[in-house]
There are 2 protein chains.
Amino acid sequence: MLSTNIWLVVTIRALRTRARILDAALDLFERQGYDATTVNEIAEAAGITPMTFFRHFPTKDAVLVTDPYDPLIAEAIGTQPVDLAPLERTRRGLLAALGDISALEDATAKRRVALVAESPALRAAAAVGTEATQQAIVERLVSDGAERLDATVAAAVCLAAATAALLAWGTAPDDTTLAGLVRHALTQLAPDPS
Amino acid sequence: MLSTNIWLVVTIRALRTRARILDAALDLFERQGYDATTVNEIAEAAGITPMTFFRHFPTKDAVLVTDPYDPLIAEAIGTQPVDLAPLERTRRGLLAALGDISALEDATAKRRVALVAESPALRAAAAVGTEATQQAIVERLVSDGAERLDATVAAAVCLAAATAALLAWGTAPDDTTLAGLVRHALTQLAPDPS
DNA sequence: CATTAAATGTTATCGACTAACATTTGGCTG
DNA sequence: CAGCCAAATGTTAGTCGATAACATTTAATG
């Protein structure tokens, strides 16, 4: 009760600092580019020390690239019929989990994606971020009897399609929905492209 | 004639330095890991200055990850029937270009790939390296009438399958051929998985 | 043997990131 | 209200990858 209150209050202060960092970084990145913006600038704009920046974000790119490994994805894939080929199972699983994607779309999501789409360094960081999800999918498929290489290819391929759609969404017109683009991308992987 | 001879000799010296760097780096990477190895160590082991290291390789990871963008790939894709879907066209093009892949397999290729497969930082660098190839494929498909998003998905997906096969090859038994793995991976993308 | 251009070395600097230690903040308890 | 306490922040110093400007060495050539 007591320590719980402390924890809450302290967390509020930390959250505010984190939000200030995020605002300052997003603003600077959009005005002068990701690479041209230094952590020192971000810290100064946020009214903190560079050291404090790294206390809230492990790396500079972590401000834009978060790795929300979603257990729901692996779960949705496991729900698909086991007799399907790994690729098709993964594809249908991703489509099934697509409904939850809109939950990720906060107000700054599209701005962040647009920045990632423009910077090779950020795209690389994003690719590393999806590896956890890929690994989870692979383990799920393998545990259901798939060959490891087949499972790896299935996961890598489906996530590549989804990532391509995500990056395209970053610079797409405002009325374009992310779910629509992902669905369109995954449709190309369908065995019967009707 | 005169300057040509100078160029040759000078180049030989540069090539020997480059080879010494490569040997030293590969040895150190395998013994103590990529991240745990510093450029200073490599330079010292190669008998040069850190500065000279960066004169031969733009980055630390460039010792292992080269970006041999192969125009033959885009060309082979262009050869495929235009009425095919972008994904199938890309898939067949990659399969057709597969014969040239063995040319990339020098003595150290597999050791390098094994190191890349183990390090997230190196996998990220490799991903950035394939972006040039992906872009070339996309431009080719678009110039033949494909939608940009469809072309991007097709290129990203096929290269993801090939990359997955490549990384698997790095730790596969010695009698496993890279071409065989890539062929197997791309087969999963076939519209009729017969 | 002097010339010349490439290859290498020196020195200084930047930016991302980390470790160790000191300081401030602010709610809570007696 | 005074003082405790733990989280948050600051300070300092350093490592490592990478770059720039300038000096030096190398070795074939005429």
Side-chain angles (χ1 to χ4, degrees), chain A residues 1-22 24-25 28-29 32-65 115 119-122 124-126 128-129, chain B residues 1-22 24-25 28-29 32-65 115 119-122 124-126 128-129:
Chain A
M1 190 70 57
L2 165 154
S3 54
T4 299
N5 276 340
I6 291 184
W7 185 82
L8 275 177
V9 171
V10 162
T11 295
I12 286 177
R13 182 156 64 122
L15 282 180
R16 293 218 309 209
T17 304
R18 188 189 159 94
R20 289 221 315 279
I21 295 175
L22 251 157
L28 287 170
F29 288 161
Q32 54 191 34
Y34 175 79
D35 292 314
T37 302
T38 182
V39 171
N40 283 33
E41 291 179 275
I42 300 173
E44 191 178 1
I48 58 168
T49 296
M51 182 78 244
T52 298
F53 173 93
F54 289 109
R55 286 211 176 89
H56 289 267
F57 297 94
T59 57
K60 179 185 170 186
D61 48 55
V63 176
L64 295 173
V65 177
L115 283 168
S119 159
L122 287 173
V128 171
Chain B
M1 190 69 57
L2 166 153
S3 56
T4 300
N5 275 340
I6 291 183
W7 185 83
L8 274 177
V9 171
V10 161
T11 296
I12 285 175
R13 182 155 65 121
L15 282 180
R16 292 217 311 210
T17 304
R18 188 188 158 92
R20 288 222 315 280
I21 295 176
L22 250 156
L28 287 171
F29 288 161
Q32 55 191 35
Y34 174 79
D35 293 313
T37 302
T38 181
V39 171
N40 282 31
E41 291 179 275
I42 301 173
E44 192 178 1
I48 57 168
T49 295
M51 181 79 245
T52 298
F53 173 93
F54 288 109
R55 285 209 176 89
H56 289 268
F57 298 93
T59 59
K60 179 185 171 187
D61 48 53
V63 176
L64 295 173
V65 177
L115 283 168
S119 160
L122 286 173
V128 171

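Note on naming: letters A, B, ... go to the chains in the order of the sequence lines (proteins, then strands), and numbering restarts at 1 for each one.
Remark: C1' of D/dA18 and NE2 of B/His56 are 16 Å apart, rounded to the nearest angstrom. Straight-line distance from the CE atom of A/Met51 to the P atom of C/dA22: 16 Å, rounded to whole Å. Here the C1' atom of nucleotide D/dA8 and the CZ atom of A/Phe57 are 15 Å apart, to the nearest Å. Between B/Asp35 atom CG and C/dC17 atom P there is a gap of 13 Å when expressed in whole angstrom units. The nearest whole Å value for the distance from the NZ atom in B/Lys60 to the C1' atom in C/dC17 is 14 Å. D/dA8 atom C1' lies 13 Å from atom CG of A/Leu15, rounded to whole Å. As rounded to whole Å, 9 Å separates atom C1' of C/dG15 from atom CZ of A/Phe54. Put simply, CD1 on A/Ile48 is 18 Å from P on C/dT24, counting in whole angstrom units.
For the pair B/Thr59 and B/Arg55, both in contact range of DNA chain D, the more 5′-proximal nearest nucleotide belongs to B/Thr59.
In this structure, B/Pro58 reaches the sugar-phosphate backbone alone: every heavy-atom distance under 4.0 Å involves primed, P, OP1 or OP2 atoms, never a base.
The shortest heavy-atom contact between B/Ala126 and B/Val65 is CA-CG1, 3.7 Å. The two residues B/Pro50 and B/Ala43 make their nearest non-hydrogen contact at N-CB, 3.6 Å. Residues B/Val63 and B/Leu22 approach most closely at O-CD2, 3.8 Å, considering heavy atoms. When every heavy atom of B/Ala24 is checked against every heavy atom of B/Ile42, the shortest pair comes out as CB-O, 4.1 Å. Taking both residues in full, the closest heavy atoms of A/Pro120 and B/Val128 are given as O-CG2, 3.9 Å, listed atom of the first, atom of the second, then distance.
Within the 4.0 Å cut-off from OP1 or OP2 of C/dT8, at least one side-chain nitrogen or oxygen of B/Thr17 is found. Dashed line: the shortest gap from a side-chain N or O of B/Thr49 to OP1 or OP2 of C/dT8 is not under 4.0 Å.
With a 6.0 Å cutoff to the six-membered ring centre and a 45° limit on the axis angle, B/Lys60 counts as a cation-pi contact of B/Tyr34.
Listed nucleotides D/dG17, D/dT9, C/dA7 differ in distance to A/Thr52; the shortest reach to its side chain belongs to D/dT9.
Of the residues in residues 36-45 of chain A, those placing a heavy atom less than 4.0 Å from an atom of DNA chain C are A/Thr37, A/Thr38, A/Val39, in numerical order.
The side-chain hydrogen bond (donor to acceptor under 3.5 Å, both in side chains) search around B/Ser119 returns none, not counting sequence neighbours.
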